[in-house]
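Working notes for the structure below.
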Amino acid sequence: MSKSTGRLGQTTLDVGPIAYGLWRFVGNDVKAARTRIETALDAGLTLIDVAAVYGLDWGGSEFGESETLLGKVFADAPSLRKRTVLATKFGIIPGVPYDSGAAAVVGSCEDSLKRLATETIDLFQVHRPDVLTHPAELAEALTKLRTQGKIREVGVSNYNARQALLLQQFLSFPLATLQPEFSALNVEAAFDGVLDAAISRNMTPLAWSPLAGGKLADGVSSADPTANRVAGKLDDLAKQYGTTRAAVALAFVMRHPSSPIPIVGTQNPARIAATTDALRVNLSRTDWYALVVAAQGKPLP
Ligand SMILES: NC(=O)c1ccc[n+]([C@@H]2O[C@H](COP(=O)([O-])OP(=O)(O)OC[C@H]3O[C@@H](n4cnc5c(N)ncnc54)[C@H](OP(=O)(O)O)[C@@H]3O)[C@@H](O)[C@H]2O)c1
């Protein structure tokens, strides 16, 4: 990778500039799963992002299935665990639907540790805000898990800026990460205060669905006219910069001064490796704003 690793927030965890996400990582094929993880780590995608709830989509059938598959990969090749900054999430329970109360947090952590066949989770993230849990209760549970060494650092996902700062108020250690959706199609995080909060508190943004779940991937034309407009602009820029549409889309995410880490979700090893093409693209200010205009569908003031 031409762009070097960096620290996750104010922690001592070093991570690559692109991360690998396991939302679509399901099934029982441990050999294929191991190839994906090895390809990601070899390419420098050292933060691996999973969640307790992953496994219920994309052909999976069970809560915890993606963590279980990753745990099998680690059991098969323990050296891969040592190379991974392991991030998971808790707090979404289908049917509930959100619970970040103390008992749920502790129970979810223990279940994830078992499924992942590991002794510690490097980054434990609240998957979505549970507005019925007082942040003091959540903070106390997270602090206890951290003191026990079951988790190393804490992050939040799908929190707005105020919710993140509110939880931070009850923690005696800094939140390491925020995880908003952010892509050339979904640009809100750059304007709604989430990426500003990341800068303000030195948290690292992890950008989910940086190719808009595939709508911005090379060769894809979707039913969504806005996505097609953005994809067309990405194609123009890809020609200009001598690269691919996906590389420009990932470069768009990384261009923000909060230094977001895009979490890519492809299950295809060649595409995992090719994500690093984005590190050679330095988008100009004008081209970055032109993509915002394409996403918003109206000129900037
Ligand atoms: N916190 C949250 O609430 C939340 C929500 C959603 C996602 N996430 C995180 O973000 C990660 C990424 O999300 P995502 O899977 O939606 O990411 P994405 O990278 O935006 O989209 C990946 C999809 O694009 C497709 N694709 C097609 N052509 C591609 C190409 N040339 N290059 C790359 N991908 C191509 C992939 O299919 P192939 O597999 O066939 O390549 C895959 O289905 C998840 O795994 C998860 O860790 C978090």
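Owing to the predicted nature of the structure, the values given are computational and were not obtained by experimental measurement. Order of listing sets the numbers, starting from 1, for every ligand and every atom in it.
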If I apply the N/O under 3.5 Å rule, does V264 come out as touching ligand 1?
no
F25 to ligand 1, any heavy atom closer than 4.0 Å
no
Can you sort out which atoms of ligand 1 are near G214, meaning under 4.0 Å from one of its heavy atoms?
20 (O), 21 (O), 23 (C), 24 (O), 25 (C)
Flag the pair D29 and R36 as a salt bridge only when some basic side-chain nitrogen lies within less than 4.0 angstrom of an acidic carboxylate oxygen.
no
Heteroatom distance test (L211, ligand 1): nitrogen or oxygen, under 3.5 angstrom
yes
If only side-chain N and O atoms count, and only distance matters, is there a donor-acceptor pair under 3.5 Å linking D49 with W23?
no
Any N or O of L22 closer than 3.5 Å to N or O of ligand 1:
yes
Polar contacts were defined as any N/O atom of the residue lying under 3.5 Å from an N/O atom of the ligand; does this apply to G265 and ligand 1?
yes
Who's closest to atom 29 (C) of ligand 1 heavy-atom-wise, of A217, A212, P180, A249?
A217
Counting only heavy atoms, which portion of N158 has something under 4.0 Å from ligand 1: side chain, backbone, both, or neither?
side chain
Of the choices R36, K215, R24, R245, which has the non-hydrogen atom that lies closest to atom 42 (C) of ligand 1?
R24
Could you check whether T39 and D42, counting side-chain N and O atoms only, form a donor-acceptor pair closer than 3.5 Å?
no
Can a donor-acceptor pair be found between the side chains of S157 and Q125 at a distance below 3.5 Å?
no
Look at ligand 1 and say whether H127 reaches it with a heavy atom at a distance under 4.0 Å.
yes
With distance as the sole criterion, is a donor-acceptor pair present between the side chains of S108 and D111 under 3.5 Å?
no
Relative to ligand 1, is Q179 under 4.0 angstrom through side chain, backbone, both or neither, heavy atoms considered?
side chain
Report yes if some N/O of K89 lies less than 3.5 Å from some N/O of ligand 1; otherwise report no.
no
